[in-house]
Amino acid sequence: MTLPIQTVVPEVKAALAQHPLVVLQAPPGAGKSTALPLDLLHEEWLAGQSIIMLQPRRVAARAVAARLAEGLGEAVGETVGSRVRFESRVSDRTRLEVVTEGILTRRLQRDPELSGVGLVILDEFHERSLNADLALALLREVQGALRDDLRVLVMSATLDPDLPARLGAPLVESAGRAYPVDVRYLPTDPTGRVEDAVVAAVRRALDTDEGDILAFLPGVREIRGAAAQLAGVDAAVLPLYGDLPLAEQRRALMPDPGGRRKVVLATSIAETSLTIQGVRVVVDGGQSRRQQFDPATGLTRMVTGRVTQDAATQRAGRAGRTAPGVCYRLWSERTQALLPAAQPPELLMADLAPLTLELAGWGTTDPADLPWLDAPPPTRIDTARTLLRSLDALDDAGRITPAGTRLLDFPTHPRLAHLLSEADDAALAADVAALLEERDPLPPGSGADLSERVDALRGWRAGGRTRGEVAVLERVERLSKQWRRLLKVQPDNAPPDPYALGELLALAYPERVALARESVAGLHKGRFLLAGGQGAALPEGDALAGARALAVAHLNMTGAEGRIFLAAPLNPAWLAARATWQDAVRWDARTGTLLAQQELRLGALALDTRPLREVPADLKVKAIADAVRAEGLHLLTFSPAASAFRARVQSLREWRGEEWPDLSDAALLATLEDWLGSGLERVRTRDDLARLDLLPALQSLLPWNLTRELDELAPTHLSVPSGSRVRLEYRPGEAPILAVKLQELFGLADTPTVNGGRTPVLLHLLSPAGRPVQVTQDLRSFWNSSYFEVRKDLRGRYPKHPWPDDPWTHEPTRWTKRRAEK
DNA sequence: CTCTCCCT
């Protein structure tokens with residue numbers, strides 16, 4: 001029986017002969033992983049060099065290598081080899097090496113030219129794993145700079161019409177091989193529990209359909225709930241998820257030994273990684289749970305969301321592997337159209353500290369320089385750099401340090417690599433690093449103390465009593481053994497010093513060393529402040545609650561306060577030895593006073609305080625300036641004279657340009673230290689602030705050569721015909737107001753001006769009692785017309801004041817008629 | 001009741 005891929009093999013060969021980068025799209029069952037690579041081994045352009053094929057999972061890498069070797073009638077390790085973590089099966093004869101993605105990254109670090117390799121195949125590229133994206137970026141850089149003969153074949157199981165164009169690569173398409181699957185939509189209440197809906201659909205399928213049933217749920221909790229509800233049905237109900245011991249996984253994958261129908265309740269592990277025999281019905285609950293990195297806390301957390309279209313297609317396809325099948329989707333056809341097409345690439349969601357360190361080791365200080373398909377977000381890179389600097393792995397320019405280069409020798413997260421490379425007790429470091437990487441071997445509710453886990457591991461390894469889950473302990477021990485080999489140290493089964501555990505954790509999580517908050521009566525102890533500034537609490541009644549200081553390994557930030565799941569006590573003296581005395585000068589907004597002391601600080605933690613005898617002036621000025629910026633300019637009092645000065649200068653800035661300083665609220669706030677600095681040195685309280693005389697400080701902002709121009713162009717007062725000097729009211733952006741009794745202006749034709757004659761004032765003409773009767777900028781037309789109406793209204797009310805028939809010739813006066821006659 | 005999946 002020929003495989004669909006075989007019809008396009010000549011096309012793939014021709015494309016690779018001419019292009020360094022080729023995209024192959026082929027659905028599941030085409031044979032692209034298990035047949036095609038063997039056909040490429042003897043191509044002329046390969047020049048006798050070997051092929052590396054990447055797989056995202058270890059199980060898949062081993063299985064694919066086995067199928068390929070079988071195709072040649074050989075065993076793995078001859079022409080076809082495989083290499084995954086903990087297991088290498090290659091020989092001198094190996095020409096095709098199936099490896100997991102991280103292996104290639106390591107190999108590129110050691111040998112950037114990838115000597116002896118002519119072709120790299122990236123399988124399952126549609127998954128867009130972080131390591132696949134990194135591998136592609138590095139390989140394209142190698143092609144451009146070092147190896148123009150190196151070829152890359154990108155293989156994808158789903159159709160992405162943009163991919164070839166975005167890579168500038170030709171596309172080869174192949175058909176797949178699958179039986180038809182009848183997709184039926186069964187909308188359910190989206191506010192209900194997903195396990196209830198799945199259980200109902202499974203019961204229905206047991207009645208109406210034939211064959212085994214595979215149901216998708218978001219996680220272990222929902223799987224357990226559904227399994228409990230299905231306990232009575234006439235079928236074998238089997239859970240399937242990644243953390244399940246291997247024997248139980250096998251029970252879900254194999255036909256039921258008793259010949260009963262199977263109902264497999266699975267997480268997304270059954271989408272691609274594992275194939276279940278005999279499935280004819282898929283029930284898709286429509287949810288999936290994924291990890292998301294939160295740069296604000298440096299933590300990854302689990303997020304449950306809607307399934308994506310490409311994942312739903314994969315899930316449905318599981319019903320058609322061996323015969324025609326049915327897929328029940330527990331949502332509506334309308335919802336289906338609204339689902340996102342695919343998950344974002346892992347690179348955009350993940351913790352980028354490992355990637356950033358790899359790239360620094362590669363010599364790339366700015367990851368943006370690589371030819372990415374989707375570039376890693378710069379803010380995430382910044383977060384990663386901050387962490388890596390705190391681990392002494394990068395310098396301020398983003399270059400890798402000698403200590404950082406040592407971290408790359410440990411194939412694990414840089415945090416754990418730092419723990420391993422800097423620890424005094426290497427045997428303990430190996431155990432702790434392994435425990436931190438694996439799932440908790442102890443059951444839920446076992447408390448947060450790391451030493452309980454170390455005891456469990458060491459007790460089990462010494463052959464004493466066993467606490468915890470053996471399958472997990474075995475995985476932990478396998479990791480620990482790898483670290484012991486690298487560190488050249490023998491295992492140690494003695495009980496460790498608890499403080500030594502805390503110090504190890506502090507190497508990996510420096511921002512999570514924590515100090516107990518002062519306990520408030522009635523509230524439970526065990527609340528801590530982390531050096532990173534976040535608050536976190538131990539579970540109620542935890543044995544660690546009495547500790548003064550902790551090093552926290554695992555926590556979850558749900559609300560304002562995090563929950564601590566794994567930690568070790570820390571000697572407060574150890575913290576103090578790493579802290580530094582710092583002058584702390586702060587404005588206390590509550591009391592409105594300046595607080596000045598010295599604090600023994602480590603990040604957000606203050607371990608001790610002592611009085612500060614002499615307060616450095618610059619710190620004081622900055623603290624008060626920050627307080628004014630936080631609370632607002634109203635903390636200061638602008639006297640009428642100071643306000644008038646600001647208004648005059650601001651008016652001139654509007655009229656004459658930016659040679660006049662900016663005295664707006666925003667500008668004054670931004671430059672507080674400059675113009676008010678020396679004044680702030682004497683301030684201790686909010687009242688001191690309010691009493692500051694701002695006028696001299698504001699005047700200092702005006703260049704000396706403009707002080708005379710200020711008085712000429714924007715005088716404070718104008719003289720009027722009566723002889724009075726009348727105050728002007730300046731309003732930036734508008735004409736200044738001259739408010740004056742109209743009798744004082746008799747005979748004046750032209751409206752007075754400021755700004756060197758360019759800006760007429762706005763006259764507020766007042767009654768003898770000082771009430772405005774007319775607002776005008778045209779005095780001449782006032783005397784000629786409206787004056788007479790005003791006169792008619794007011795003559796009777798103010799008979800002692802002059803109201804002449806001819807305002808042009810009457811003597812201007814500020815007095816009544818009798819006083820004027822005297 | 002933190003915990004989908006995976007990797008050096």
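Side chains are part of it too, since the values below use all heavy atoms of this structure and drop only hydrogens, waters and symmetry mates. Keep in mind that what you see is a predicted model, and the values were worked out from it rather than measured. Chain letters run A, B, ... following the sequence lines, proteins first and then strands; every chain starts at 1.
Heavy-atom nearest nucleotides on DNA chain B were determined for L566(A) and for R58(A), and the one closer to the 5' end corresponds to L566(A). Take the nearest nucleotide of DNA chain B for G242(A) and for P411(A): the residue whose nucleotide is more 5' is G242(A).
Across all strands, Q291(A) comes closer than 4.0 Å to base atoms (heavy-atom distances). Within the nucleic acid shown, T100(A) comes within 4.0 Å of sugar-phosphate atoms alone, with no base atom in reach, counting heavy atoms only. Residue contacts for P444(A): at a heavy-atom cut-off of 4.0 Å it reaches no nucleic acid atom on any strand shown. Contacts of T267(A) with the nucleic acid, taken as non-hydrogen atoms under 4.0 Å apart, involve only primed sugar atoms and P, OP1 or OP2. Residue-level contact check: V303(A) touches neither bases nor backbone, having no heavy atom under 4.0 Å from any strand.
Checking dT4(B), dC7(B), dT2(B) against every side-chain atom of R290(A), the shortest atom distance belongs to dT4(B). Across dT2(B), dC5(B), dC3(B), the shortest atom-to-atom separation from the side chain of D440(A) is found for dC3(B). Side-chain atoms of R85(A) lie closest to dT8(B) of the nucleotides dT4(B), dT8(B), dC7(B). When distances are taken from the side chain of R106(A) to each of dC5(B), dC7(B), dT8(B), the shortest belongs to dT8(B). Side-chain proximity of I269(A) to dC5(B), dT2(B), dC1(B): nearest is dC5(B). Listed nucleotides dT8(B), dC5(B), dT2(B) differ in distance to E358(A); the shortest reach to its side chain belongs to dT8(B).
T401(A) places a side-chain N or O within donor-acceptor distance of the main-chain N or O of A393(A), the cut-off being under 3.5 Å. The backbone N or O of L348(A) sits less than 3.5 Å from a side-chain atom of R380(A), completing a donor-acceptor pair. Distance alone, capped at 3.5 Å, places no donor-acceptor pair between the E477(A) side chain and the L457(A) backbone.
A side-chain contact (heavy atoms from CB on, under 4.5 Å) with W331(A) is found for exactly one of T188(A), V307(A), L338(A), namely V307(A).
Atom CG of L240(A) and atom C1' of dT4(B) are 13 Å apart (whole Å). In this structure, CG of L54(A) is placed 17 Å from P of dC6(B), rounded to the nearest angstrom. Taking atom CZ of residue F293(A) and atom P of nucleotide dC6(B), one finds them 22 Å apart after rounding to whole Å. The interatomic distance linking R83(A) (CZ) with dC7(B) (C1') rounds to 16 Å, in whole Å. Rounded to whole Å, atom P of dT4(B) lies 12 Å from atom CG of N556(A). What separates CG of L347(A) from P of dC7(B) is a distance of 18 Å, to the nearest Å. Per the geometry, CZ belonging to R475(A) stands 11 Å off P belonging to dC5(B), to the nearest Å. Residue I564(A) contributes atom CD1, which lies 13 Å from atom P of dT2(B) at whole-angstrom precision.
For the pair R439(A) and dT2(B), the criterion of a side-chain N or O lying under 4.0 Å from OP1 or OP2 is not met. Taking side-chain N and O atoms only, R563(A) has a distance below 4.0 Å to OP1 or OP2 of dT2(B). Here S268(A) does not reach the OP1 or OP2 of dT4(B): none of its side-chain N or O atoms lies under 4.0 Å away. The side chain of S129(A) contributes no N or O atom lying less than 4.0 Å from OP1 or OP2 of dC7(B).
Evaluation of atom-type donor-acceptor distances gives no pair under 3.5 Å for the side chain of R289(A) against the base of dT4(B).
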Test salt bridge (Lys or Arg N to Asp or Glu O under 4.0 Å) applied to E87(A) and R62(A), step by step: CA-CA 10 Å; E87(A) 184 188 287; R62(A) 282 200 212 91; 3.0 Å; yes

Residues E438(A), R453(A); criterion salt bridge (Lys or Arg N to Asp or Glu O under 4.0 Å); working and verdict: CA-CA 11 Å; E438(A) 263 298 340; R453(A) 280 74 185 174; over 6 Å; no

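The pair E469(A)-R439(A) meets the salt-bridge criterion, with a side-chain N (NZ, NE, NH1 or NH2) lying under 4.0 Å from an Asp/Glu carboxylate O.
Remark: ring of Y241(A) not stacked against base of dT4(B); the cut-offs of centroid gap under 5.5 Å and plane tilt under 30° are not jointly satisfied.
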